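Values in this document were obtained by computation on a predicted structure and should not be read as measured data.
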Amino acid sequence: MAEDAADRTLLFAPVGQTSLPARSRNPFYRPVMTKRIELQSLVDSHDRPFVVIGKDYTVVAVNSAYEKAFNTSSAALVGQKCHAILHHRDRPCYEVGEDCPYMQCYQTEQTCSCLHTHHDSQGRTRWVRINMYPIKCEDGTTYVGEMLHEIAARDGTEESGELRPVGGSAAFLHAMEQLEQAARTDGPVLLIGETGTGKELAAHFIHRYSSRKDKPYVALDCTVITESLFESEVFGHERGAFTGSVESKKGLFEVASDGTIFLDEIGEASLTTQAKLLRVLETGEFRRVGGNKTIKANARIVCATNRQLWDNVKNGEFREDLYYRIACFCIRVPTLRERLEDIPRIAESLLQRLGQREAASFRLTDDAADLLCTYHYPGNIRELRNILQVAIAHRGHKQDGVIQREAIARALHMRFSLTSSQVGEDQQRASARIGVASPVARGSTEPTGEAAAVRERSSVVTPSLQDVEAEHIAELLSRYGGNRRKVAIALNISERTLYRKLARFNLKAK
């Protein structure tokens with residue numbers, strides 16, 4: 001900018017003469033609006049991280065709270081493009097398929113809010129909710145104020161190698177915000193999601209960001225414990241309570257006192273087990289097996305299920321009173337196919353952990369990461385990890401740890417072989433949309449002998465399905481005049497996922 005942005009002053013017009021937001025929603029509102037106010041002192045008056053962005057995405061002011069939260073300095077940010085310093089990109093967010101709250105706020109001059117990812121000076125990803133406010137000056141200049149609330153801010157006490165959820169998609173960030181909100185209370189939480197989506201990691205996240213984080217965290221898988229052993233494991237037993245009990249043992253509720261107990265797959269518990277759980281959840285009291293002393297329990301309950309528990313309640317398979325006792329916060333953990341844009345980040349994290357086990361370092365090439373995003377992952381993150389393990393084994397004798405597209409192709413080919421009927425259905429549905437006969441519909445057969453070996457070495461993954469997908473996206477682009485948002489809605493995917501597909505298939509949109 002021509003002048004030093006840090007010395008810029010803003011002249012606010014009198015109330016009623018501009019299109020400023022309502023005072024209750026605008027953090028810049030001051031009772032006396034006719035005074036000239038120095039911009040830097042204005043933003044420093046806010047205790048949350050705040051950035052002011054001017055025309056063409058240029059940062060003009062940053063407050064001290066932002067400098068502290070994101071380990072940076074105002075001098076390093078002022079005059080730079082917001083997408084470059086906040087997101088490490090050379091283009092605005094909307095050009096890579098993400099929401100751009102700045103653009104929306106600047107053009108409409110209305111407040112708006114969204115979930116986003118930022119990067120600090122160390123390159124670490126930070127999850128934030130952004131509230132954007134238009135700042136209208138008397139001379140007609142418009143700025144955008146960006147206030148940030150970090151979701152699950154790191155406090156510096158993380159243990160080395162501690163697992164942390166990974167992602168930046170809208171579905172992921174929405175779930176993380178809900179988890180943090182639940183963590184700030186002591187209410188019971190019910191996590192709902194398909195197998196392999198990371199419900200146990202979500203439960204540990206709730207404990208990690210709760211007031212109980214320094215207390216015990218214990219987990220119980222309801223699918224592996226028998227009804228006869230349930231009381232002993234959960235409530236404990238006294239010496240001589242039954243054959244083989246040579247000493248007293250604390251139960252999980254006693255071990256987790258003042259901490260968190262995670263009951264995984266609660267929907268698998270029998271009605272008898274449910275009745276026993278209900279009593280301790282309602283009264284906070286229990287007795288060890290073979291004992292007569294009442295013990296108080298003060299454990300926070302987090303449950304998880306891959307079922308629709310309310311359907312089980314209606315069918316008489318799950319107690320209604322227990323359902324209402326555990327379902328205070330109901331949080332849905334998204335499937336991997338709902339957040340395909342997160343796959344490269346998740347894969348990088350998984351490869352890092354797999355590499356630690358083998359004392360090696362692994363990384364994906366860009367085209368290998370793109371190929372991973374073409375699969376539907378019925379097993380979610382657990383299946384992605386399995387695919388990466390197979391790819392590592394198929395990378396050949398290379399010692400550089402680089403996983404090429406061919407290795408991912410072989411691993412995916414194995415998955416398609418196991419789920420060929422599902423793949424056939426996917427092909428037929430995709431082909432029907434554009435009037436093309438799929439290989440399955442034409443009665444194609446798998447190659448055998450040398451032909452099969454060549455196919456496994458060179459090809460991979462039903463290329464006809466990718467061709468069909470590319471044609472379908474091209475048709476939608478034509479139908480909606482190249483409008484990416486409308487095409488993404490029609491495909492039920494995010495704009496960022498669509499952007500990756502457009503780049504992969506070399507398709508153009510406006």
Main-chain N/O of Gly54 paired with Tyr102 side-chain donor or acceptor, under 3.5 Å: yes
If you count heavy atoms of other groups shown closer than 6.0 angstrom to CZ of Arg337, is the number above 12? yes
Distance-only polar pair, side chains of Ser257 and Asn298, donor-acceptor under 3.5 Å: no
Apply the test side-chain contact (heavy atoms from CB on, under 4.5 Å) to residues Leu498 and Ile473: give CA-CA distance (whole Å), side-chain angles for both, the deciding distance (0.1 Å), then the verdict. CA-CA 9 Å; Leu498 176 62; Ile473 293 175; 4.2 Å; yes
Check the orientation of Tyr217 and Phe262. Use parallel for under 30°, tilted for 30 to 60°, and perpendicular for over 60°. parallel
Do Glu194 and Asn306 have side-chain atoms, one donor and one acceptor, less than 3.5 Å apart? no
Please answer whether the main-chain N or O of Leu372 pairs with a side-chain N or O of Tyr377 as donor and acceptor at a distance below 3.5 Å. yes
Any side-chain donor near an acceptor of the partner, Glu146 and Tyr133, under 3.5 Å: no
Stepwise, does the side-chain contact (heavy atoms from CB on, under 4.5 Å) test hold for Leu191 with Leu179? CA-CA 9 Å; Leu191 302 172; Leu179 291 173; 3.8 Å; yes
Between Tyr57 and Pro92, is there a side-chain heavy-atom distance shorter than 4.5 Å? yes
Lys215 atom NZ: more than 12 heavy-atom contacts under 6.0 Å: no
With distance as the sole test, does Ser349 use its side chain to make a donor-acceptor pair with the main-chain N or O of Ile346 at under 3.5 Å? no
How about Leu351 and Ile403: do any of their side-chain heavy atoms sit closer than 4.5 Å? yes
Checking the side chain of Asn63 only, and the main-chain atoms of Ser45 only, is there a donor and an acceptor separated by less than 3.5 Å? no
Report the distance from atom CE of Met147 to atom NE2 of His149, rounding to the nearest 0.5 Å. 12.0 Å
Distance from Arg339 atom CZ to Thr197 atom OG1, nearest 0.5 Å? 9.0 Å
Are the side chains of Met132 and Thr111 in contact, using a 4.5 Å heavy-atom criterion? no
Flag yes if more than 12 heavy atoms outside Glu348 fall under 6.0 Å of its CD atom; otherwise flag no. no
Is it the case that the side chain of Arg300 and the backbone of Thr185 share a donor-acceptor pair, with hydrogens and angles ignored and the cut-off at 3.5 Å? yes
Heavy-atom pair with the smallest gap, counting every atom of Leu190 and Ala304: CD1-N, 4.4 Å
To the closest 0.5 Å, what do you measure between OG1 (Thr260) and NE2 (His204)? 9.0 Å
Quick one: closest heavy-atom pair of Ala182 and Val189, and the distance? CB-CG2, 3.9 Å
Nearest 0.5 angstrom please: Thr58 OG1 to Tyr143 OH, how far? 10.5 Å
Under 3.5 Å, side chain of Lys199 to main-chain N/O of Val333, donor-acceptor pair present? no
If you apply the rule side-chain contact (heavy atoms from CB on, under 4.5 Å), what do you find for Glu383 with His376, and how did you get there? CA-CA 10 Å; Glu383 186 174 16; His376 60 287; over 6 Å; no
Do Leu309 and Ile326 have side-chain heavy atoms sitting under 4.5 Å apart? yes
Would you give the length of the straight line joining atom CD1 of Ile331 to atom CD of Glu177, rounded to the nearest 0.5 angstrom? 11.0 Å
Do Arg325 and Pro188 touch side chain to side chain, with heavy atoms closer than 4.5 Å? yes
Can you find a heavy atom in the side chain of Val390 that is under 4.5 Å from one in the side chain of Ile387? no
To check you understand the geometry: which heavy-atom pair defines the closest contact between Leu201 and Arg164, and what is its length? CD2-C, 4.3 Å
Examine distances only and state if a side-chain atom of Lys81 and a backbone atom of Asp56 form a donor-acceptor pair shorter than 3.5 Å. yes
Rounded to the nearest 0.5 Å, what separation is found between the NE2 atom of His413 and the CD1 atom of Ile408? 15.0 Å
Which is it for Thr72 and Leu77 under the side-chain contact (heavy atoms from CB on, under 4.5 Å) test, yes or no, and what are the steps along the way? CA-CA 8 Å; Thr72 187; Leu77 305 182; 3.7 Å; yes
Any side-chain heavy atom of Thr141 sitting closer than 4.5 Å to one from Ile135? no
Given salt bridge (Lys or Arg N to Asp or Glu O under 4.0 Å), test Glu180 with Arg129 step by step and report yes or no. CA-CA 12 Å; Glu180 188 200 37; Arg129 174 167 286 282; over 6 Å; no
Looking at Ile261 and Ala256, what are the two nearest heavy atoms and their distance? CB-CB, 4.2 Å
Ignoring hydrogens and angles, tell me if any N or O in the side chain of Glu67 forms a donor-acceptor pair with the backbone of Ser74 under 3.5 Å. yes
Restricting to non-hydrogen atoms, name the atom on Arg332 and the atom on Thr335 that form the minimum distance, rounded to 0.1 Å. NH2-CG2, 4.4 Å
Of all heavy-atom pairs linking Phe70 and Leu148, the shortest is CZ-CD2, 4.2 Å
Check whether the side chains of Arg126 and Thr117 place a donor and an acceptor atom closer than 3.5 Å, and report yes or no. no
Using distance alone, with no hydrogens and no angle criterion, decide if Thr365 and Arg405 have a side-chain donor and acceptor under 3.5 Å apart. no
Is there a side-chain contact between Val144 and Val51 (heavy atoms, below 4.5 Å)? no
Sidechain N-carboxylate O distance under 4.0 Å for Glu475, Arg479: yes
Do Tyr66 and Phe50 have their ring centres less than 6.0 Å from each other? no
Please indicate whether Asp366 has more than 12 foreign heavy atoms, meaning atoms of other residues, nucleotides or ligands, lying under 6.0 Å from its CG. no
Asp44 side-chain N/O to Ser64 backbone N/O, donor-acceptor pair under 3.5 Å: yes
Under 3.5 Å, which donor-acceptor pairs link side chains of residues 167-175 to any protein atom two or more places apart or in another chain?
| from | atom 1 | to | atom 2 | distance (Å) |
| --- | --- | --- | --- | --- |
| Ser169 | OG | Phe172 | N | 3.3 |
| Ser169 | OG | Asp342 | OD2 | 2.7 |

